[in-house]
Amino acid sequence: MPVFMKGNYIFVEPGRKCFEVSSNFTNYLELGIQGITKYYLEAKIENDEFKISGTLLDKNGEVLCRLKDNFIEASKGCNKEMTQYGYRIKEGNLVFEIQVENDLICHLKGTIYGESGEIVAQDREGELIILKGPAIIGKSGNAIGIKLD
Amino acid sequence: MGDRWRLATGKVICHDIGKAGSGFFIGSQGFFITNSHVVTKMSIDKTGAIRLDYSRQMFVQIAGNTYRASLVIDENTDRPVVYDYAILRLNVTSRAYFDVANLSEISQGEEVIAIGYPLDFGESIVSKGVISAIVSRPSHINALHRIRTFLTDTLITYGNSGGPLIRASDGKVIGITTMPHEIRDEARERLLRYVSLPGIEAMRPIRDLIEFTLKYLTIGFNYAISIEYAMGDPIFGSLGEGV
């Protein structure tokens, strides 16, 4: 049974830096499991800075690029385009976009594919919707906000 | 120290993009550091993407001599742009250079010295002050990133960009003095729009005042970006040794 949660603040206080995930606000997002799933995305706030790391795949499940703290470490034909408020990862078309609103809310846009080409997460009307686990929304030390299997 | 400092700093001139700033030699390998915004021309396209063109005609003037400079960092990576540094090589080998301070030892209130070529001065200008604070500021290029920054009361104005901020006690460099390249400054954008308004020619004094304000007046502390970002560039790692 699908569960919809909106307007929650998960490990973040209103007015603090956060990521918007499915209309919820959180300090942390993890899609996939590092070293287990071929794709992986970690979005965290460290030293008051939004940091996104991970491995992005194309719709055929092939590795597009690896990100480490917002910088491309390895790429197979995709490039990064900086904007004033974030950046875009492109492979011809837009793959993924990070956009910071008023230095506070970080929006993640685009489509995250799994290793079989399935859609793991996708932005729909400006909201990042998580379609497939494993995923973690919110984290503080060893405490986890919401875990999706 | 004076002559060594003078020979280790230079005025950077980019004829093709109409920019100038300061820079300095760091370490014994001949690398010359300046700000990215001194050697690039930035524009924003219709999609909001930042486009950068590096100068192809970079020259550095040191003690009355002019040397050709070339970029040694990877133009296709955005790290230098985000952290506002550029690393050049000159067609000269300098024996005068700065060493890098141990940044973990730097503290508020320490005396520092800024060296650069502000405004239209052809000689290096030295000014002394203290570290007013060590703060984390948003990158003036990209709001996503934050930069460790030394606020200082040393004199830093247009043309100082790219020069060294050094610790007075041992002459080691701690930061790159930087005049912000304020693409996010809405007030500045508004003033720029006024300058291009039809009919502004008829109000010449107003236009002159706006242009003077845009060029020379700044409010707030001067600052220097920590040298750690330039030193963290892969070019130093790929050499397999420090500077």
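Each chain gets a letter, A, B and so on, in the order its sequence line appears, and its residues count up from 1.
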Next item on the list: Using non-hydrogen atoms and a 4.5 Å limit, figure out which bit of B:Thr47 sits close to chain A: side chain, backbone, both or neither.
Entry: both
Checklist line | Part of A:Asn79 within contact of chain B (heavy atom distance under 4.5 Å) | finding: neither
Next item on the list: Please test B:His145 against A:Asn70 for side chain to side chain contact (heavy atoms under 4.5 Å, CB included), starting from the C-alpha separation and ending with a verdict.
Entry: CA-CA 9 Å; B:His145 296 272; A:Asn70 301 316; 3.6 Å; yes
Notebook entry, point to check: Do other residues, nucleotides or ligands put more than 12 heavy atoms under 6.0 Å from A:Arg66 CZ?
Noted result: no
Notebook entry, point to check: Side chain of B:Asn142, backbone of A:Gln84: donor and acceptor closer than 3.5 Å?
Noted result: no
Next item on the list: State whether the number of non-hydrogen atoms from other residues, nucleotides or ligands found under 6.0 Å of A:Lys38 atom NZ is greater than 12.
Entry: yes
Check: Is it true that atom CD of A:Gln34 has more than 12 heavy atoms of other residues, nucleotides or ligands lying nearer than 6.0 Å?
Finding: no
Item checked: Electrostatic pair B:Arg51-A:Glu81, nearest N-O below 4.0 angstrom -> yes
Note to self: Minimum heavy-atom separation for A:Ile98 and B:Leu144, please, with both atom names.
What the structure shows: CG2-CD1, 3.7 Å
Notebook entry, point to check: Just how far is it from atom CE of A:Met82 to atom CG of B:Asp78, taken to the nearest 0.5 Å?
Noted result: 5.0 Å
Notebook entry, point to check: Is it true that atom CG of A:Asn102 has more than 12 heavy atoms of other residues, nucleotides or ligands lying nearer than 6.0 Å?
Noted result: no
Next item on the list: Hey, could you give me the NZ/CZ distance between A:Lys51 and B:Arg146, rounded to the nearest 0.5 Å?
Entry: 11.5 Å
Item checked: Distance in Å, A:Asp48 CG paired with B:Arg137 CZ, rounded so as to fall on 0.5 Å steps -> 13.0 Å
Next item on the list: Side chain from CB out, backbone as N, CA, C, O: work out which of these in A:Lys90 comes under 4.5 Å of a heavy atom of chain B, or both, or neither.
Entry: neither
Check: Around B:Lys41, counting heavy atoms of other residues, nucleotides and ligands shown, do more than 12 lie under 6.0 Å from its NZ?
Finding: no
Next item on the list: Kindly compute the distance separating CD1 (B:Ile50) from OH (A:Tyr85), expressed to the nearest 0.5 Å.
Entry: 9.5 Å
Next item on the list: Quick one: sort the A:Phe71 and B:Tyr83 rings into parallel, tilted or perpendicular, breaks at 30° and 60°.
Entry: tilted
Checklist line | Proximity breakdown for A:Ile52 and chain B, heavy-atom pairs closer than 4.5 Å | finding: neither
